[in-house]
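Working notes for the structure below.
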Amino acid sequence: MIYSRNAFGTVPDLSTVCVEHLDGEPLSYMTARAADRLKALAEVAAVIPTTTRTIEQFNRIQLPGAPWRYAVTTNGGNILDNGHPDTRWREALDRDVRASSASLAEISAELHSRTDDSFVLKYRVADELFCYLVVDLAALPADFLAEWDAWCRPRGWSASQQGRKIYTMPNAVCKSRTVAEVRHRLEYSGDLDGSARLLAAGDGALDAEMLRAADLAIRPRHGELEELAWAHPNLTVTATSGIRAGEEILDWFADALE
């Protein structure tokens, strides 16, 4: 629901709110209307920000409606409880990753052997859980992603692309599993009724499992899932794309709660 300036398209006189800065410079925005809608939503529902961003990257964002009781970062690898990483959750997840997949070191070594500066702009490790590349799309070999994903699958990992980023992720690290844990905690504490429906939104392949697991889900008419024409019986697709889709998604959440 936050977007760079490139997502504004040709929308005239768009009132926006900057919600993220990097090195002192504005980076990501919401429309003012979307910011108001998110703040209002947080007052009546248990909103769980859920992202593939690392803890550091997530903490750069100042979303309306904060502070959050829980947030999920690093594609489900970390739970923030009142802003603090839950070490017990992370330790248990790390054990599952070790038991079910190749090590990050092995994956990284193989990835480096398959890449070079002709198409890779950056290589990053996210919270010691997974890695991703920032690539030059024009120079990216057409068969790179499919071949890399095929190598990863037997080793308990997978690869997917989101814009200029190619993520390599262990199967045990997924948003749906972590969101389910947070929901359980909210129910156990009495902050959420067990009959409450789970609503979810996302636009990338790494969101698909979370959207599938939700009672109702929505995705925008842009992003990786749009390119894949991804659909599911519980899924709504926005009529708009770009930054306007953020408004439409928040309207959909509000309507679903009525």
Side-chain angles (χ1 to χ4, degrees), residues 1-3 7 14-20 28-53 55 58-73 75-76 78-86 89 175-204 207-221 223 225 232-258:
M1 296 178 208
I2 66 173
Y3 300 87
L14 188 63
S15 177
T16 61
V17 177
C18 181
V19 295
E20 180 183 14
S28 301
Y29 301 80
M30 303 176 72
T31 67
R33 183 175 181 277
D36 289 342
R37 294 295 271 173
L38 179 56
K39 184 176 180 180
L41 184 67
E43 293 174 354
V44 298
V47 176
I48 308 166
T50 302
T51 179
T52 305
R53 286 170 174 251
I55 294 173
F58 175 73
N59 284 336
R60 293 200 306 248
I61 309 171
Q62 300 299 315
L63 286 177
W68 310 105
R69 175 67 176 88
Y70 291 106
V72 174
T73 74
N75 204 57
N78 288 302
I79 294 174
L80 300 185
D81 185 339
N82 286 316
H84 301 288
D86 185 320
W89 169 261
K175 293 172 182 170
S176 61
R177 173 186 181 185
T178 313
V179 168
E181 168 64 19
V182 171
R183 179 190 175 107
H184 171 74
R185 295 183 186 191
L186 289 168
E187 290 180 6
Y188 183 79
S189 65
D191 294 312
L192 184 68
D193 188 278
S195 64
R197 294 182 301 178
L198 177 63
L199 311 178
D203 66 354
D207 298 317
E209 187 176 0
M210 178 182 67
L211 300 182
R212 191 181 295 113
D215 294 301
L216 294 173
I218 187 169
R219 67 167 177 83
R221 198 170 291 279
L225 293 180
H232 193 265
N234 71 344
L235 182 73
T236 296
V237 181
T238 63
T240 55
S241 62
I243 197 167
R244 285 295 195 200
E247 292 184 350
E248 188 175 346
I249 288 169
L250 286 162
D251 287 342
W252 177 88
F253 276 121
D255 291 343
L257 292 174
E258 291 181 352

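Keep in mind that the numbers below use all heavy atoms, side chains included, and drop hydrogens, waters and symmetry copies. Source: prediction; values computed, not measured.
With hydrogens and angles disregarded, a donor-acceptor distance shorter than 3.5 Å links the side chain of Asp215 to the backbone of Leu198. Under a 3.5 Å cut-off, the side chain of Thr50 and the backbone N or O of Ile48 do form a donor-acceptor pair. Checking side-chain atoms of Asp36 against main-chain N and O of Arg33 turns up no donor-acceptor pair under 3.5 Å.
Rounding to the nearest 0.5 Å gives a distance of 9.0 Å between CZ of Arg219 and CG of Leu211. Note that CZ of Phe58 and CD1 of Ile55 are 10.0 Å apart. Values are rounded to the nearest 0.5 Å. Rounding to the nearest 0.5 Å gives a distance of 13.0 Å between OG1 of Thr178 and OH of Tyr70. Rounding to the nearest 0.5 angstrom, the gap separating the CD1 atom in Ile249 from the OG1 atom in Thr238 is 6.0 Å. If you take CD on Glu248 and CZ on Arg37, they are separated by 12.0 Å, rounding to the nearest 0.5 Å. For the atom pair Asp203 CG and Ser241 OG, the distance stands at 11.5 Å (nearest 0.5 Å).
Of the N and O atoms on the side chains of Lys175 and Thr51, not one donor lies less than 3.5 Å from an acceptor on the other residue. Side-chain atoms of Asn82 and His84 include no donor-acceptor pair closer than 3.5 Å.
Here the closest non-hydrogen pair linking Val17 and Ala32 is CG2-CA, 3.9 Å. Considering all non-hydrogen atoms of both residues, Trp68 and Ala42 come closest at CZ3-CB, 3.9 Å. For the residue pair Ala201 and Met210, the shortest heavy atom distance occurs at O-CE, 3.6 Å. Between Val47 and Pro49 the shortest heavy-atom distance is O-CD, 3.5 Å. Closest heavy-atom contact between Ala46 and Leu186: CB-CD1, 4.0 Å. Here the closest heavy-atom approach between residue Ala245 and residue Pro220 is recorded as CB-CB, 3.8 Å.
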For this session: Would you please test Val72 and Asn78 for side chain to side chain contact (heavy atoms under 4.5 Å, CB included) and show each step?
Result: CA-CA 6 Å; Val72 174; Asn78 288 302; over 6 Å; no
For this session: Test Met30 against Leu63 for side chain to side chain contact (heavy atoms under 4.5 Å, CB included), laying out the working first.
Result: CA-CA 9 Å; Met30 303 176 72; Leu63 286 177; 4.1 Å; yes
Problem set entry | side chain to side chain contact (heavy atoms under 4.5 Å, CB included) between Val44 and Leu257, worked out | CA-CA 9 Å; Val44 298; Leu257 292 174; 4.2 Å; yes
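At a threshold of 4.0 Å, the pair Arg69-Asp81 counts as salt-bridged, since one of the basic side-chain nitrogens sits closer than that to a carboxylate oxygen. One finds no salt bridge joining Arg177 and Glu181 here, because no Lys/Arg side-chain nitrogen approaches an Asp/Glu carboxylate oxygen to under 4.0 Å. Between Arg212 and Glu209 no salt bridge is recorded (no basic side-chain N to carboxylate O distance below 4.0 Å).
In this structure, the side chain to side chain donor-acceptor pair (under 3.5 Å) partners of Glu187, at least two apart in sequence or on a different chain, are Arg183. For Arg221, there are no salt bridge (Lys or Arg N to Asp or Glu O under 4.0 Å) partners at least two apart in sequence or on another chain.
Side-chain contact between Leu199 and Ile218 is absent, with no heavy-atom pair separated by less than 4.5 Å. Taking the side chain as every heavy atom from C-beta outward, Leu80 and Pro85 approach each other to under 4.5 Å.
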